[in-house]
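Since this is a predicted model, take the numbers as computed values, not measurements. Just so we're on the same page: letters track the sequence lines, and every chain starts at 1.
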There are 2 protein chains.
Amino acid sequence: MAYKYETVAADIRAMVASSLSPHQAIPSERELEATHGVSRLTIRHAIATLIDEGLLYNVHGSGTFVGSPTLFSKTPKLTSFTEDMKSRGHEASSRLLTMSREPASTETAHALGIPAGTECARLRRLRLADGEPIAVEDVRVPGPLLDIEEFTSTSSLYEVLADAGHEVYRAEQEIKAIALDEEAAHLLRVPLGTPALGVSRVSSDRRGRSIEYAFTLYRADRYTFQLAVTREADK
Amino acid sequence: MAYKYETVAADIRAMVASSLSPHQAIPSERELEATHGVSRLTIRHAIATLIDEGLLYNVHGSGTFVGSPTLFSKTPKLTSFTEDMKSRGHEASSRLLTMSREPASTETAHALGIPAGTECARLRRLRLADGEPIAVEDVRVPGPLLDIEEFTSTSSLYEVLADAGHEVYRAEQEIKAIALDEEAAHLLRVPLGTPALGVSRVSSDRRGRSIEYAFTLYRADRYTFQLAVTREADK
DNA sequence: AAGTGGTCTAGACCACCGC
DNA sequence: CGGTGGTCTAGACCACTTC
């Protein structure tokens, strides 16, 4: 069930991998149009997706070229902790610390855009990479969305939510530096006051309805945040 | 010299601002096609740019809708310190600490993809927001790109580089939490060991050629990093 | 079934780059 | 100047949502 632009994109990806070096030009759009027997718009659609990935770049009036290796890494995308760790070459695991239902604090209510006091499911988890503690996570999900009775320490929160019809599509994150308090320092096995990365995340579905509010503390010596940005968002 | 899709995008933006609330539908693509007298592809192009900005979202088979306020803030884009501060409602200023030419360290050479020992321009600047110190910045630019004799404390590095034909287009950043050393703590006027956000940035032009390698320490109590991410990068 | 956005065609002309 | 990517048209059909 592949669309034409997807097969064209796959063809170009294969051509780049097999026989082109960074900064070499790929065939022009009109050439690709002829060799693939599709319209130029379809070629452009395929190339646009590969530019999004950072595999190619183009210059108006000049051509389309293979990106340099430092441009390979993609624009930031939303991933689960497990996916994130896997992409970094680590095996993720998790230990459920507490699981409860509580009324939303004013902070949680504001973040999720719900009335204060609304019942929420709250999960606190210790996150491990290759068996070593790397982060402490504190998540709130609005009451009706998650049935905590069905949640176990090995469950993927995003999968459970998706199965219930709430697929996470987008998130806003705020990253700050924080000195660890006693409890978090103990859980992460570092001295009190050690700097850590604190990440607040509000996730929502495609329609912009809030799904979760999470605050995660990452050990600074084991975790850094990486992202690529471009000068213009449009195209 | 505005393109049609730009004027259509501006029209839609105005319509949203003046008379639509979050989650309300905008007119269908075929309606807009008729009312604006342009082809549907042009309408789609306009809508695509607005979706990129987070102003709209669409659902296949259902319609195109106004995004909720929490989705307003855009996907992360590359900005200068001055632009960044302005968007946060602060006035940026700068104090040039040191300016020199030095051979590239192995770290700098690796980051910029140049041979170790290549001469680079190095700038160290104290960054201020509303007159208060907020960050210490340490920037290296490969030798031939920047004439430090022409650089003053009020110059915009990106503008000077752009004037010399090296326009910053993309950057890769790494964010970590760090305890401030004595010198940085003194410059930022906080106690030794205070947590700070450390941001490494390698910027490149549209062709992927490295332009600058910067390391910036931000006061944790005055600066946080914000970004929106989506589940899939393509479309 | 009707309406929506998603893909696709076969052209055309414009804006930009390099020689 | 010729070749490149960027914009645009007027249609067509497909895939999905909603009723």
Side-chain angles (χ1 to χ4, degrees), chain A residues 1-12 20 23-52 55-67 165-167 169 205-209 230 232-235, chain B residues 1-12 20 23-52 55-67 165-167 169 205-209 230 232-235:
Chain A
M1 285 296 73
Y3 289 115
K4 289 189 181 179
Y5 79 89
E6 289 172 318
T7 67
V8 172
D11 286 353
I12 297 175
L20 290 175
H23 302 295
Q24 280 198 310
I26 70 169
S28 76
E29 296 178 354
R30 286 165 181 86
E31 270 182 73
L32 292 168
E33 182 181 355
T35 57
H36 284 77
V38 300
S39 82
R40 193 171 152 220
L41 186 67
T42 304
I43 299 291
R44 284 178 62 75
H45 192 166
I47 290 176
T49 65
L50 298 175
I51 288 177
D52 259 10
L55 180 69
L56 305 175
Y57 65 89
N58 60 18
V59 181
H60 188 179
S62 181
T64 302
F65 308 89
V66 179
H166 306 286
E167 192 170 6
Y169 173 72
D205 66 14
R206 200 172 167 89
R207 298 185 127 91
R209 291 178 297 221
T230 54
E232 292 157 88
D234 58 359
K235 186 174 315 166
Chain B
M1 285 300 78
Y3 290 115
K4 290 189 181 181
Y5 78 89
E6 290 173 320
T7 66
V8 171
D11 285 353
I12 297 175
L20 291 175
H23 301 294
Q24 279 198 313
I26 70 168
S28 76
E29 295 179 355
R30 286 165 182 85
E31 269 183 74
L32 292 168
E33 183 181 355
T35 57
H36 284 76
V38 300
S39 83
R40 192 171 152 219
L41 187 68
T42 303
I43 298 293
R44 285 178 62 75
H45 192 165
I47 290 176
T49 65
L50 297 176
I51 289 176
D52 260 8
L55 180 69
L56 305 175
Y57 64 88
N58 61 18
V59 181
H60 187 181
S62 181
T64 302
F65 308 88
V66 179
H166 307 286
E167 192 171 6
Y169 173 70
D205 67 13
R206 199 172 168 88
R207 299 185 128 91
R209 292 177 299 221
T230 54
E232 292 157 86
D234 59 359
K235 185 171 315 166

ask   = Just how far, in rounded Å, is C1' of dC17(C) from CG of Asn58(A)?
value = 13 Å

remark   = Rounded to whole Å, CG of Leu50(B) lies from C1' of dG5(C) at a distance of 16 Å

message = Against Tyr5(B), only a single residue in Ile43(B), Thr49(B), Val38(B), Ile47(B) fulfils side chain to side chain contact (heavy atoms under 4.5 Å, CB included); can you say which?
response = Thr49(B)

task = Return no unless some side-chain N or O of Ser28(A) is found under 4.0 Å from OP1 or OP2 of dG3(D).
result = no

key: Side-chain heavy-atom pair Leu32(B), Asp11(B) within 4.5 angstrom cut-off   = no

remark   = Nearest heavy-atom approach of Ala9(B) to Leu50(B) is O-CD1, 3.8 Å

request  = Check step by step if side chain to side chain contact (heavy atoms under 4.5 Å, CB included) holds for Leu55(B) and Ile12(B).
outcome  = CA-CA 10 Å; Leu55(B) 180 69; Ile12(B) 297 175; 5.5 Å; no

note = Atom NE2 of His45(B) and atom P of dC14(C) are separated, to the nearest Å, by 19 Å

request  = Kindly point out which of dT9(D), dG5(C), dT7(C) is positioned nearest to the side chain of Leu41(B)?
outcome  = dT9(D)

inquiry  = Quick check: any donor-acceptor pair below 3.5 Å linking the side-chain of Arg44(A) to the base of dG5(D)?
reply    = no

ask   = Looking at dT18(D), dT7(D), dG6(C), which one has an atom nearest to any side-chain atom of Glu29(B)?
value = dG6(C)

query = Mapping Val59(B) and Ser39(B) to their closest nucleotides on DNA chain D, which lands nearer the 5' end?
reply = Ser39(B)

ask   = Is the distance from OP1 or OP2 of dG5(C) to the nearest side-chain N or O of Thr64(B) less than 4.0 Å?
value = yes

query = Is there a side-chain polar atom (N or O) of Tyr3(B) under 4.0 Å from OP1 or OP2 of dT7(D)?
reply = no

ask   = Roughly how many Å is it from CD1 in Ile43(B) to P in dC8(D), rounded to a whole number?
value = 10 Å

inquiry  = Is it the case that atom CD in Gln24(A) sees more than 12 heavy atoms from other parts of the structure closer than 6.0 Å?
reply    = yes

key: Euclidean distance, atom CD of residue Glu33(A) to atom P of dC8(C) [Å, nearest integer]   = 14 Å

message = Heavy-atom nearest nucleotide on DNA chain C for Ile47(B) versus Arg30(A): which residue maps closer to 5'?
response = Ile47(B)

task = Measure from CZ on Phe65(B) to P on dT17(D) and round the result to the nearest Å.
result = 12 Å

task = Examine the base of dG11(D) for any acceptor or donor lying under 3.5 Å from a partner atom in the side chain of Arg40(B), and report the outcome as yes or no.
result = no

note = note: His60(A), atom NE2; dC16(C), atom P; distance rounded to Å ~ 6 Å

Atom pair distance, as rounded to whole Å: OH in Tyr57(B) and C1' in dT17(D) = 14 Å

